[in-house]
Structure formats: structure tokens, C-alpha cells
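Heads up: the structure comes next, in C-alpha cells.
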Amino acid sequence: MVDAATPSRKDAGDGKAFYVTTPIYYVNDAPHIGHAYTTVAADVLARWHRQRGETVWFLTGTDEHGQKVMRSAEANGVSPRAWADRLVETAWKPVLSTIDASNDDFIRTTETRHTERVREFWNHLYDARQVYPGTYEGPYCVSCEEFKLPNELLDGEDGAKLCPIHGRPVEMLSETNYFFKLSAFTDKLLAYYEEHPEFVQPESARNEVVAFVKQGLQDLSITRSTFNWGIPVPWDDDHVLYVWIDALLNYVTAAGYRTDPLLFKRVWPADVHLVGKDILRFHAVIWPAMLMAAGLPLPRTVFAHGWLLVGGEKMSKTKLTGIAPSQIVDTFGSDAFRYYFLRAIQFGSDGSFSWEQISAIYTSELANGLGNLASRVAAMVGRYFGGTLPAPAAAGPAETALAERLAETVRIADEAMGGLRFHEALAAIDSFTDAVNGYLTEQEPWKVAKDDSPAARDRVATILYTAAESLRAISVLHNPVMPKSAAALWKELGAAETLGELDLQPLTNAGRWGLLPPGSVITKGEPLFPRIEEPDTK
RNA sequence: GGGGCGGUAGCUCAGCCGGUUAGAGCAUGGGACUCAUAAUCCCUGGGUCGCGGGUUCGAGUCCCGCCCGCCCUACCA
């Protein structure tokens, strides 16, 4: 029973938790890598902050009301709720495990914990006279039986506006419904953007939002009466709430709004709402206005990321460029999926996806770079020290340089992650991995090992310790991004026995040198990132 | 129509307030090495910086015009 769903992790701990959200996904779409991209970014952020030792609350979920879902359900001969249940269980929830999402909660807008709170929220605003009855007038297509968007209409002859589906003239129709006094918040929003430049990111998104609001806001029609798949308006049974006005509230209803004051206090306001740029306005204009109207604190940041482009064009189902996450994960694994999208695309900008590119990055950075490094270190500790990590002797300039490089890498990566510059963080970690590979090649421990004098043996010990210690740090740094591989590496280093669980290694200390205790038992396992001989170039 | 962003090496992209021979990663080619997942390390790139003008001692980097792609210009999610 969905309504009985309980958060998997209620222990948000003491103090303010880092609260990150994805949008709730509209169940009527098929999940594609665009959705997974957002979720992965949120997940990496959540895991990164957990690794820093912070308490974290990571929410995702599904948006299930509205006309489209209702119509699909009808077309499939089932109730809207049954249709939504099916999509959630067969499509949306499975994606989360496909990409290894570690969400603390999953909210559905059809759950009573949501619907009841939404009704209360709007009833409150209605009582506070923030909502009033009015008339919505817009272009309506009789064939579609729905209102159309002014900008999707086609121009017909003699200036008539045509329905893009039926090619027939639309007529202006009006509908009585309820309006939220959004216009009253124009100046307050502008002032807020001004005072909180970090509220809408990146800069380009912020500029668009500000420009939009500066035009002046109109009141927003928040109810519909032409169909009934939605949350009933508390004061008028003939209307249901407009789906967005319902959906946005998930961020608070799932955070214990009006039901769990302790959780709510600990979690709200959200630190980051991650959204695609297509839904920026709802999150950066309507949502904060709703919160202002209700007297609730606003989220710290709404971050809009870009589109994934396939073949230079925005991914779309109709052009058959919509790709299911499993298509990629089946070939490269969930870790590489996560790594690739955050590594190859500047978060906030549009990014090109191609099989060639993911294949290239997988091979060069993961298989040849990190994976091979782990193999060569494990092999040499096995060969020269029977698998037991030796204690290092005196550090030379090369060791000191690498240790300093590590500290710098952790600093850069942490700062970049804090600013949602995932690609920058991963570039720094990759660059450090390269440095370790270069260090080994320069020090040539395999040559030093041919001399069996005590001094030479000490030198080999120092070199291999240095490399293994570097891998220890890389494990911690990569754990939020590639949890499976990082755990495998951690195990290979024998670190669980000597340092404890990987998840508990504080990221903030990851740059400290010399944490991996000598004596750790290092084993050469299966390759971390097996070579993929024939990439699926479909 | 108005506003914004982008068009830089085969690919993906950096190039802040204009200034020595235009950069990175990957791919390519050559070399070194052999611990390692035929992996690693070093060297190697001569690309009309979309097109045409202009300003300037000097312009991917500023101005004007044009071409191409994308986004915004409110109630599909």
C-alpha cells in the first residue's frame, strides 16, 4: 500500500540536514536518461554530503495527477490510480535501482500524506484571501477538448490560430476557476532574487527568470473543472487543483510539513532543488511565491541543468533518440553511467551524449586510468610483499609532491561539489589518478625490486605504500560517484579491516596522508572496470 | 517581432577586463618501459577561431551587418 510507505531513513540526525530534491517525475513519460541524469546528480550530491559527515535528506518521487495521466488510463481501460501504480512500479522505481539512487524517501502525489497536506495548504491560502474565483480565457480546441498553449498554435490563413494537432481553428473559451494572487509577488520576488543571487542558478537561468518576472506577473489559474483526476479543491468539489500547484508541494509534504514538525524543522528549507531548465519557472517563480504566501522559508537554491543532446538535437521519443538508462547501464554499468554524465557535461549547460564518447571516457579514464592503476598496485604488493602492505620508509620529493597533490585535489573537489560543478570535481580526481600512474612509471618499483639490498627494499615499500595510500583516498573521493567500484577498491585495499567502512570515511579528512595502515592485506580482485571490447554503438 | 546563448583542432570543449608562435582531454602518429585490464609514461597537432566589414599599434577576445542551431517571450507536464 503506497500510502503506508515509510521513509527508509528517518534518522536525519540532529541539526539542519542537507536537503536535496529531484523534480517529481510525471509518470506518463517513459523514464529516459534525461530523468536519470537529474537523479544521478542529486544522488551524487547527497552521497557527497553524507561522506562529509553531514546529515542528508534526499527526496525524489512521481507526479501522478493531471489530464494526460487520466487520458492514458482511459485509453488503457484502467483507473488513473491503477495506471499510475503500474507505471511507478514497473518503470519509475526500477530506474532508481538501475542507477543506484540512494534516496531517503520517495513521494507520490497520490499518497494521502501529500494530498491532505496540499488541501490544507491551499485552504489556508484561500482563507487568507490569496486565492479568489475568476475566469480563465484561452484558446480551446474542440477536437482535443482542451485548452491550448498560445505559443503552440499554428498560424492559419487570414490570421486564424490553428490547433497544432487537428489543424482546425481554435476558439476562445473561458472557464471559471480559482486564481492565486501571483501578481502580488512580482516585487517581492525581484527583491528576493536581488538579495539572494544564489537562489537561481546557474547565472543564465537566473537572468531568464529575472527578465520574466520583470515583465510583471499575472495571477495564476490554479484549478481545473473540465476533468477530475486531481486533488479536489477543499472549498469547491467541482474543481481539482492544477497539477503543478499540487506537485510543487511535494517538497514540503514529504518533509513532514504539518505532520512531523521535528523532521520538517530538520529538513526544510531545501538546500538544492535540481530541475531541468524546462521547469525552471515553476520552481523559481511560482514555488517561491507560494511559499511566501504561506509564510514558509524559501529553498536556498534552485539549480537548472541543461538538456542532453543526442546527435546534436534534444533527445526526444518521437525522433527515437530517447534512451532508457538500462541501455547504457547494461553495457557500462551503473558506476560508469553516473561518472560519465557528471564528468563529460558541464552541469548547467546542455551536453552531448554519444556512445562513442561514453565508450572513450570509460576506456581511457576508468579502465585504463583508475582500473589499471588498481591492478598494477595490487599486483606489485602481491608480488613483492606477499600481499601485505609494507610500511613506507623515508619519503622523497616525489612522495611529498604526491601527498600535496592529494590534499589539493580533495580541496578542489570538495569546493567544486559544493558549487555543483561536478565535472570540475571529477576532472580533479581523474587528474590525480593520472598523477599516481605517472608516479609509478617514473619510480619504476619493478626495477628497484631487482636489487635485494635493504635500501632498495625500503624504496619499493615506500613507492607501493604511496600508490596504495593514494588509492585509499581515491576510493573515498569516488565513493559518492561510483559506489560499487569504490567499495570494490576499498575491499581490494583491505581497508575495511583496518579503517572501517568506506561510507564512514570522512571526506574532509580524505586528503590527510598516511591513513591506510601498513599491514593492510591487499588482494588483486577482478578488474574494476573490465575492458569493453565491443561497445554497443547502437 | 523582441531578448538571450552558442557556432574554436577528427570528437567533446577551455579561452577573464583585446596583446608574444590559439589551448586541454580523447583519438592519431613516433618513442620509452614491462608492475598492470595489448594497460602505463614521454613527445607529436599547424585548426579560414561561422561569414563580411569596422575600431585599434594589435581581435576567437570589442562594434556593426549577415548565416546557422538552440532557449526565453506564462498557466502540457
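These numbers come from a predicted model, not from an experiment. In what follows, every heavy atom counts, from backbone to side chain, and hydrogens, waters and symmetry copies are set aside. Reminder, nothing fancy here: chain letters follow the sequence lines and each chain counts from 1.
Nucleic acid contact class of A:I286 (heavy atoms, under 4.0 Å, all strands): none. Residue contacts for A:G371: at a heavy-atom cut-off of 4.0 Å it reaches a base atom on one of the strands shown. Residue A:Q67 is out of contact with every strand shown, counting any heavy-atom pair closer than 4.0 Å. Counting non-hydrogen atoms under 4.0 angstrom, A:P527 reaches a base of the nucleic acid. In this structure, A:D63 reaches the sugar-phosphate backbone alone: every heavy-atom distance under 4.0 Å involves primed, P, OP1 or OP2 atoms, never a base. Within 4.0 Å of A:R71, counting heavy atoms only, lies no atom of the nucleic acid at all. Backbone-only contact: A:S364 has heavy atoms under 4.0 Å from sugar-phosphate atoms and none from a base. Across all strands shown, A:L464 has no heavy atoms under 4.0 Å from either base or sugar-phosphate atoms. Using a 4.0 Å heavy-atom distance criterion, A:Y25 is classed as making no nucleic acid contact. At a threshold of 4.0 angstrom between heavy atoms, the contacts of A:A211 with the nucleic acid are absent. Using a 4.0 Å heavy-atom criterion, one finds that A:G306 contacts no nucleic acid atom at all.
Using a 4.0 Å cut-off between charged side-chain N and carboxylate O, A:D451 and A:R457 make no salt bridge.
Relative ring orientation between A:F199 and A:Y193 is described as parallel, the plane-to-plane angle staying below 30° on a 0-90° scale split at 30° and 60°. Aromatic ring orientation, A:F353 versus A:W355: perpendicular (interplanar angle above 60°, classes split at 30° and 60°). Ring geometry for A:W244 versus A:F282: interplanar angle under 30°, hence parallel rather than tilted (30 to 60°). Taking the six-membered ring where the residue is Trp, A:Y25 and A:W92 present parallel rings, their angle staying beneath 30° rather than reaching 60°.
Neither OP1 nor OP2 of B:rC26 sits under 4.0 Å from any side-chain N or O of A:Y362. OP1 and OP2 of B:rU34 both lie 4.0 Å or more from every side-chain N or O belonging to A:R376. Applying the 4.0 Å criterion to OP1 and OP2 of B:rU37, one finds that A:K524 has a side-chain N or O inside that range. Taking only side-chain nitrogens and oxygens, A:R531 never comes nearer than 4.0 Å to OP1 or OP2 of B:rA38.
Toward the 5' end of RNA chain B, the nearer of the two residues A:T441 and A:M380, judged by each one's closest nucleotide, is A:M380.
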Check: protein-nucleotides 9-12 of chain B nitrogen or oxygen pairs below 3.5 Å:
residue	atom	partner	partner atom	Å
B:rU12	O2'	A:Q357	NE2	3.4

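With a 4.5 Å cut-off on side-chain heavy atoms, A:H283 and A:F303 do not count as touching.
Scored by the salt bridge (charged side-chain N to carboxylate O under 4.0 Å, His left out) test, A:E399 finds A:R459 as partners (sequence neighbours excluded).
Base pairing in RNA chain B yields stems of at least 3 consecutive Watson-Crick or G-U pairs, both distances under 3.5 Å, namely B:1-7 with B:67-73, B:10-13 with B:23-26, B:29-32 with B:40-43, B:50-54 with B:62-66.
Using atom C1' as the reference point in both B:rG45 and B:rG25, the two lie 13 Å apart (nearest Å). When the P atom is used for both B:rG65 and B:rG3, the distance is 10 Å, rounded to whole Å. Of the P atoms belonging to B:rA59 and B:rA22, the separation is 13 Å, rounded to the nearest Å.
Annotated as anti: B:rG25, whose glycosidic dihedral deviates from 0 by more than 90°.
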